[in-house]
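Structure record follows, encoded as C-alpha cells.
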Amino acid sequence: MILASASQRRIDLLKKFSYDFTVEAADIEEKKEGKDPQSLVMALAYEKALKVAKNHPADLVLGADTLVYCQDRVYGKAQNRDQAREFLQDLSGKTHQVYTGFALVNLDQKLKIIDYDVTSVTFKDLTDQELEAYLDSGEWEGKAGAYAIQAGAGNFVRDLDGDLNNVIGLPSKLCDYLEDLDQ
Ligand SMILES: Cc1cn([C@H]2C[C@H](O)[C@@H](COP(=O)(O)OP(=O)(O)OP(=O)(O)O)O2)c(=O)[nH]c1=O
C-alpha cells in the first residue's frame with residue numbers, strides 16, 4: 001500500500017495500525033470550501049489518493065484529509081500566527097467537530113472506497129496566557145484548526161466524543177476496510 005500523504009501524524013498512525021506501506025505525498029491544492037464538511041474531506045482524500053494512484057495503477061493507495069468544523073465554519077490549517085490565534089479563540093469554550101475523510105484506490109482493480117468519520121471535541125475556555133504560550137510552541141503549524149490534540153493542545157480538551165485517532169488524521173475504522181481487503 002502507498003500512503004499518499006506528507007503528514008507525519010498519518011505515517012505514525014498507519015504504523016500503529018500495523019500495515020506495511022510506503023509514502024508518496026500527493027501535492028494538490030486543498031481548497032476547503034464550497035461543500036458540507038464530510039463531502040469536502042472525502043473529495044480531498046479521493047483527490048490525493050487518485051493523484052498518486054495514477055503513478056502506481058497496480059497498487060492500493062490511501063489518501064486522507066482532516067478539517068475542523070465549528071458553528072458552520074470550516075477550519076483548515078492556519079496561514080500564520082495571527083490566524084492561528086483567531087482559530088483558537090473561536091474554538092475556545094466550544095464544542096466543534098473534526099472530520100477525516102479517507103479514500104482507498106486501486107486503479108487496475110477498479111477499487112474505490114471512500115468514507116469518513118467525525119469526532120466531537122469540546123475545548124475549555126482558553127486564557128490569553130495559555131493561548132500565547134501555545135502559539136509560541138509552534139505546534140499549531142500544519143494542523144487543521146491550528147491545534148494538535150496529541151500534544152500540548154490535549155490540555156485544552158474538556159470532552160471528546162468519538163475516535164481520537166480520527167482527530168489526529170486517520171480514523172480507526174479504516175482498519176476494518178483494510179482487513180476486508182486483506183482477505
Ligand atoms: C485537529 C488535528 C489535526 N491534525 C493534523 C492531521 C493532518 O496532518 C492535518 C490536517 O491537514 P490535512 O490537509 O488533512 O493533511 P496534511 O496536509 O497534513 O497531509 P497530506 O495532505 O499530505 O495527507 O492536521 C493533528 O495532527 N492533530 C489534531 O488534533
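Note that ligands are numbered from 1 as they come in the structure, with each ligand's atoms numbered from 1 the same way.
Judged by distance alone, the side chains of Asn166 and Lys173 never bring a donor and an acceptor atom under 3.5 Å apart. A donor and an acceptor atom, one from each side chain of Tyr134 and Glu139, are located under 3.5 Å apart.
Under the 4.0 angstrom criterion for non-hydrogen atoms, Ala25 is not in contact with ligand 1.
Among Lys143, Arg10, Glu141, Gln150, the residue whose heavy atom lies nearest to atom 5 (C) of ligand 1 is Lys143. Checking Gly169, Ser7, Gly142 against atom 9 (C) of ligand 1, the nearest heavy atom belongs to Gly142. Counting only non-hydrogen atoms, the option in Arg9, His96, Gln8 that gets closest to atom 18 (O) of ligand 1 is Arg9.
For atom 13 (O) of ligand 1, the nearest non-hydrogen atom of the protein is Glu30 OE1, 2.6 Å. Shortest contact from atom 11 (O) of ligand 1 to any protein heavy atom: Lys77 CE, 3.2 Å. Atom 6 (C) of ligand 1 has as its closest protein heavy atom Ile168 O, 3.3 Å. Closest to atom 28 (C) of ligand 1, if we only count protein heavy atoms, is Tyr147 O, 3.3 Å. Of all protein heavy atoms, the one lying nearest to atom 22 (O) of ligand 1 is Ala6 N, 2.7 Å. Nearest non-hydrogen protein atom to atom 24 (O) of ligand 1 is Ala144 N, 3.1 Å. Distance from atom 21 (O) of ligand 1 to its nearest protein heavy atom, with residue and atom name: Lys48 NZ, 2.6 Å.
A single hydrophobic cluster is not seen to contain both Val98 and Val41; linkage of ILVMFWY side chains at heavy-atom distances under 4.5 Å, directly or through other members, places them apart.
Partner His96 forms a side-chain contact (heavy atoms from CB on, under 4.5 Å) with one of Thr119, Thr122, Val121 and no other, that one being Val121.
Of all atoms in ligand 1, listed by their number and element, those nearer than 4.0 Å to a heavy atom of Val167 are 1 (C), 2 (C), 3 (C), 4 (N), 27 (N), 28 (C), 29 (O). Every atom of ligand 1 is numbered from 1 in the order shown, and the set under 4.0 Å from a heavy atom of Ala148 is 27 (N), 28 (C), 29 (O). If you number the atoms of ligand 1 from 1 as listed, the ones under 4.0 Å from a heavy atom of Asp65 come out as 12 (P), 13 (O), 14 (O). Of all the atoms in ligand 1, the ones that sit under 4.0 Å from a non-hydrogen atom of Ile149 are 27 (N), 28 (C), 29 (O).
Closest heavy-atom contact between Met42 and Ile114: CB-CG2, 3.5 Å.
Around atom CG of Asp27, no more than 12 heavy atoms belonging to other residues, nucleotides or ligands sit under 6.0 Å away.
Between Arg85 and Glu132 there is a salt bridge, with a side-chain nitrogen of the basic residue lying less than 4.0 Å from a carboxylate oxygen of the acidic one. Using a cutoff of 4.0 Å between basic side-chain nitrogens and carboxylate oxygens, Arg81 and Asp136 are scored as salt-bridged.
A cation-pi contact links Lys112 to Tyr46, judged by a cut-off of 6.0 Å to the six-membered ring centre and 45° from its axis.
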Inset, instruction - For side-chain contact (heavy atoms from CB on, under 4.5 Å), just list the numbers for Leu13 and Ile168, CA-CA rounded to whole Å, side-chain angles, deciding distance to a tenth of an Å, and then say yes or no. - result: CA-CA 8 Å; Leu13 281 170; Ile168 304 171; 4.0 Å; yes
